[in-house]
Amino acid sequence: MPMITSIAELPFAERPVLELLRLDDPARTAPDLDYAGFGHARVDRVTLAGAGGGEVRDARLLALHSADDGEALADDVELEFVLDDGSVAALLSAFLARWLPRVRGDERALVLVMCNPHRATLALALDVPVYYALGDVTSWLSDDGELELIAETWRKIG
Amino acid sequence: MTKLAALFAIASLALAGCEAPSKERRERWATTENTNVDINWDKVNKAYEQAEGPEDFERRVNEIYEGDELISVAVQDLEDGTQVVTGFFDKDTSGTVQDAEKIFTIRREITGEGAGQYQTSGYGHYAGYHSPMLSIVSGMVMGAMLSSALSPGYSPRYSQPYTTSAARHAELKNQRTQHRAANPTRYNKPKPSKTGRSYGGGGRSGGGRSGGRFGVRAAPGRVRPVRLTA
């Protein structure tokens, strides 16, 4: 049973972006389907590959994991945090309400690096654009150092 | 041999008007027959979508192009709201587009309030490439070169065409040299194959490395974790 009992206690830390997105293995050619790391990082540039995507500059990436078998919600996503002593779940809305004030800086955009298996439509009122995907999200680093997040479809709020 | 290749390219261009689109024409990579220099058309199209202006676009295009030549750009707004962007090898440094120097054109049209479309076509060695008609709508991530055309008060800026000046060539070459020096793995490796990279399925082929997936798989019989609410 995890010792963590509140969203505020989650170890949601800033991490080096390659480690955060599981891009730290040069030999990896297919997505790590069991990757469970989470946290946030600021990047100068990231490409959202997929319909509705494009290049986003000066963005904070919030790497999160949704549960494939989580509750299907029209406007929210059930997240899962795999910890050393077990897993806990939280709704994205509750998580962001608690953590956005802590992690926000003066970046110009936020990107939710998170699968959205039930294709929830999110509504957030922030002072910067927020990007999120419909369906699966995986990460990719091209040979020329271009950071890409791949999804079927990207949506922008704001 | 060069004349033969040129005749072949011209013949291909002539046939393009009466043939159904072939798989080859939809290929996103094109390879020159003589120099084996690739142009990644996906990146060219993306560069157009994200460019802040002609200078930014020509910088991006020259970073995409992996050959030694410099690509010049001409941008012209026509009276009907159409914009034609031409990439060309300005071999005679005249600052004007000669048909034989053309590499590609991008033709952008405004189709309604806050909406438009564009299509990219290759010329010369790249004559096999024709992009689909690509939609542009307000809300897409795009640079000022495109987004300004969708704004209500838009007035064309390039009725007098913009063309890369000979004086700008040195600056572009310098920028590209710095870019290539900063990305040695891209420019010091065997050229990518004509088949390009595949998208979808959660991964890609081609140069680069894969990362993680951002979901937790549902294993049979697993107990869902406790949901924290505060």
Side-chain angles (χ1 to χ4, degrees), chain A residues 2 4-8 10 21-23 25-37 47-50 52-56 63-70 78 80 82 86-91 94 113-115 117 131 136-146 148 150 152 156, chain B residues 40 42-43 45-47 49-52 60 63-64 66 135-143 146-147 179-180 182-189 192 197-230:
Chain A
I4 286 178
T5 57
S6 73
I7 293 171
L10 288 166
L21 301 181
R22 193 63 174 107
L23 291 165
D25 180 358
R28 183 176 298 287
T29 56
D32 180 353
L33 302 180
D34 295 319
Y35 178 59
T47 296
L48 307 182
E55 183 181 276
V56 180
L64 299 159
H65 294 264
S66 60
D68 285 355
D69 56 355
E78 183 168 18
E80 186 162 332
V82 178
S87 295
V88 293
L91 290 182
V113 187
M114 169 196 76
C115 296
Y131 299 86
D136 271 11
V137 174
T138 56
S139 54
W140 178 268
L141 184 70
S142 68
D143 272 348
D144 50 355
E146 187 178 356
E148 298 183 15
I150 305 165
E152 173 209 307
K156 178 185 177 188
Chain B
N40 183 326
D42 277 355
K43 288 192 173 184
N45 292 332
K46 192 166 77 175
E49 290 182 8
Q50 294 168 354
E52 298 298 332
R60 289 169 182 260
E63 288 179 358
I64 293 164
E66 298 186 9
S135 296
I136 46 175
V137 292
S138 298
M140 276 175 59
V141 182
M142 56 186 147
L146 262 189
S147 63
H179 175 77
R180 290 182 177 184
N183 298 280
T185 56
R186 175 177 166 189
Y187 296 100
N188 297 327
K189 64 181 175 61
R197 299 183 296 183
S198 63
Y199 288 62
R204 290 185 166 189
S205 58
R209 70 178 78 161
S210 192
R213 175 181 179 265
F214 295 87
V216 177
R217 289 192 287 176
R222 86 176 187 119
V223 178
R224 283 166 60 178
V226 172
R227 183 189 290 177
L228 305 175
T229 56

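Sequence lines set the chain letters: A, B, ... in the order given, protein chains first and strands last, and positions in each chain run from 1.
Using a 4.5 Å cut-off between heavy atoms, Arg217(B) touches chain A through backbone and side chain atoms alike. Using a 4.5 Å cut-off between heavy atoms, Glu49(B) makes no contact with chain A at all. Neither the backbone nor the side chain of Ala36(A) comes within contact range of chain B; no heavy atom of the residue lies under 4.5 Å from a heavy atom of that chain. Neither the backbone nor the side chain of Glu152(A) comes within contact range of chain B, judged by heavy atoms closer than 4.5 Å. Only the backbone of Leu64(A) comes within contact range of chain B, judged by heavy atoms closer than 4.5 Å.
The residue from Asp32(A), Asp34(A), Asp68(A) that alone fulfils the salt bridge (Lys or Arg N to Asp or Glu O under 4.0 Å) condition with Arg213(B) is Asp68(A).
Formation of a donor-acceptor pair under 3.5 Å by the Ser142(A) side chain with backbone atoms of Gly208(B) is not found in this model. A donor-acceptor pair under 3.5 Å links the side-chain atoms of Arg209(B) to the main chain of Leu23(A), judged by distance alone.
Ranked by non-hydrogen atom pairs under 4.5 Å with chain B, the options Gly54(A), Ser66(A), Ala8(A), Ala90(A) are led by Ser66(A).
Minimum interatomic distance between Ile7(A) and Thr229(B) (heavy atoms only, all atoms of both residues): CD1-C, 4.2 Å. For the residue pair Ala30(A) and Ser210(B), the shortest heavy atom distance occurs at C-OG, 3.2 Å. Nearest heavy-atom pair across Ala63(A) and Phe214(B) is CB-CE2, 4.0 Å. Nearest approach of Ser139(A) to Gly212(B), heavy atoms of both residues: OG-N, 3.0 Å. Across all their heavy atoms, Gly215(B) and Cys115(A) have their closest contact at N-SG, 3.5 Å.
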Inset, instruction - Give the intermediate values and the outcome of side-chain contact (heavy atoms from CB on, under 4.5 Å) for residues Glu55(A) and Lys46(B). - result: CA-CA 8 Å; Glu55(A) 183 181 276; Lys46(B) 192 166 77 175; 5.6 Å; no

